[in-house]
Amino acid sequence: MGKLRVVVGVALVYGFYTARMGIRMMTIVQNVTEVAYLGRVFSIWFLCFDSMHPFGSFVFGFISDWFNHGTFFVLGGLVLFGLLVVYLMGRTPE
């Protein structure tokens, strides 16, 4: 159970980093950078941002090994849960 807590903790930190950098900081970069330099800035930005993906692949590779063939069922369940949340958020109260 201790390994699972570590993996979940690392996944949460990685998800927080990805969401924070991918959404908020991109907006700041677009607002601060002159249009002529956006291509250069974004190429450096994506190089730094994408450097974290091997770390995520390393961590989630262990999760795939741990669940074995059940990984597809777990991911399918998470997709269904996400679709249910989106569906419920889209409903208007009567």
Side-chain angles (χ1 to χ4, degrees):
M1 193 67 172
K3 291 180 185 178
L4 180 62
R5 288 183 184 178
V6 170
V7 170
V8 169
V10 170
L12 288 173
V13 169
Y14 177 75
F16 177 77
Y17 171 80
T18 304
R20 180 108 174 144
M21 298 308 249
I23 298 169
R24 190 160 188 217
M25 295 305 288
M26 290 298 203
T27 304
I28 292 171
V29 169
Q30 287 178 346
N31 289 335
V32 174
T33 307
E34 293 181 29
V35 176
Y37 298 109
L38 273 178
R40 295 176 189 129
V41 172
F42 276 132
S43 64
I44 294 169
W45 185 261
F46 287 129
L47 180 66
C48 295
F49 186 68
D50 288 342
S51 67
M52 288 300 291
H53 288 290
F55 178 69
S57 298
F58 178 75
V59 169
F60 289 107
F62 287 114
I63 291 175
S64 297
D65 288 343
W66 188 53
F67 281 121
N68 207 1
H69 295 295
T71 304
F72 294 110
F73 295 111
V74 172
L75 293 176
L78 290 172
V79 167
L80 289 175
F81 177 73
L83 290 172
L84 178 65
V85 169
V86 169
Y87 173 75
L88 293 175
M89 289 175 61
R91 294 182 62 195
T92 56
E94 296 179 23

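Values reported hereafter were calculated over all heavy atoms of this structure, with side chains retained and with hydrogens, waters and symmetry mates removed. Since we're looking at a predicted model, the values are computed, not measured.
- L12 has its side chain within reach of V8: a pair of non-hydrogen atoms, C-beta onward, lies under 4.5 Å apart.
- Residues V29 and L38 share a closest heavy-atom pair of O-CD2, 4.2 Å.
- Cluster annotation: V13 and V6 are assigned to distinct hydrophobic clusters (Ile/Leu/Val/Met/Phe/Trp/Tyr, side-chain heavy-atom contacts under 4.5 Å, transitive).
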**OP:** Take L88 and L84, measure what side chain to side chain contact (heavy atoms under 4.5 Å, CB included) needs, and give me the verdict at the end.
**Re:** CA-CA 6 Å; L88 293 175; L84 178 65; 4.1 Å; yes

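- V79 and F81 fall into different hydrophobic clusters, where Ile, Leu, Val, Met, Phe, Trp and Tyr residues are linked whenever their side-chain heavy atoms come under 4.5 Å apart, directly or through other members.
- Taking hydrophobic clusters as Ile, Leu, Val, Met, Phe, Trp and Tyr residues chained together by side-chain heavy-atom distances below 4.5 Å, F46 shares a cluster with V32.
- Connection of F42 to I28 is established within a shared hydrophobic cluster, with ILVMFWY side chains joined at heavy-atom distances below 4.5 Å, either directly or through further cluster members.
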